[in-house]
Each structure stands twice: as structure tokens, then as C-alpha cells.
Trainee: 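Following this message is one structure expressed as C-alpha cells.
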Amino acid sequence: MCESVERYGDRRAENARLDNLLDSIKKIMANLKVGAQQAMNVLEVNDSDRAILQKRL
């Protein structure tokens, strides 16, 4: 049971990290009037995160 609780916590932490990153991307896009790719470049988002975040945009 401890392993399942740990995995659940890890998933929640990962989702929170991605939610924060997505929020930052949206703010950069709005304030700097740039596209999603440019905003991700500014934040140096890695390729695996980019794929996930593009689906959420």
C-alpha cells in the first residue's frame, strides 16, 4: 500500500509541476505576445514536457 501512496504522490507532484509550467507559459504568451513555442523556449522546456503541455494548451 505504501508504494501506491507514493506513486499517487509522485503523480500529483508531477501534475502540479506541469500546471505551474503551463500557467507560466500562458502568462508569457499573453504579456510578451508570443506563441507557445517561443514561450517554451524562454522557459527552456524539455521535449517530453513540451509534448504534454501542447496537449493542455
Side-chain angles (χ1 to χ4, degrees):
M1 183 162 133
C2 282
E3 289 177 26
S4 63
V5 171
E6 186 175 322
R7 282 194 305 268
Y8 175 74
D10 290 346
R11 279 195 311 267
R12 286 199 40 129
E14 180 67 7
N15 279 332
R17 183 184 71 80
L18 289 171
D19 286 344
N20 288 335
L21 194 51
L22 184 61
D23 186 49
S24 295
I25 290 166
K26 287 179 179 180
K27 286 178 181 175
I28 289 173
M29 290 171 65
N31 292 330
L32 299 179
K33 302 199 180 357
V34 297
Q37 291 299 322
Q38 289 173 308
M40 289 187 212
N41 288 344
V42 168
L43 295 172
E44 298 180 352
V45 176
N46 66 43
D47 290 337
S48 60
D49 285 348
R50 281 178 191 249
I52 295 166
L53 292 166
Q54 293 233 322
K55 291 177 186 175
R56 292 188 182 190
L57 281 173

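Every heavy atom of this structure was used, including side-chain atoms; hydrogens, water molecules and symmetry mates were not. FYI, the numbering just counts along the sequence from 1.
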Trainee: Roughly how far, to the nearest 0.5 Å, is the CG atom of Asn15 from the CZ atom of Arg11?
Mentor: 8.5 Å

Trainee: What distance separates Lys26 NZ from Leu21 CG, expressed to the nearest 0.5 Å?
Mentor: 11.5 Å

Trainee: Applying salt bridge (Lys or Arg N to Asp or Glu O under 4.0 Å), which residue pairs with at least one partner in residues 36-49 are found, sequence neighbours left out?
Mentor: Arg17-Asp49

Trainee: What side-chain donor-acceptor pairs closer than 3.5 Å can you find for residues 31-39, not counting sequence neighbours?
Mentor:
unit_1	atom_1	unit_2	atom_2	d
Asn31	ND2	Lys27	O	3.2
Gln37	OE1	Arg50	NH1	2.9
Gln38	OE1	Gly35	N	3.2

Trainee: To the closest 0.5 Å, what do you measure between OG (Ser4) and CD (Glu6)?
Mentor: 9.5 Å

Trainee: When rounded to the nearest 0.5 angstrom, what distance separates CD in Glu14 from CG in Asp19?
Mentor: 10.0 Å

Trainee: Roughly how far, to the nearest 0.5 Å, is the CG atom of Leu53 from the CD1 atom of Ile25?
Mentor: 4.5 Å

Trainee: What distance do Ile28 atom CD1 and Leu43 atom CG have between them, rounded to the nearest 0.5 Å?
Mentor: 3.5 Å

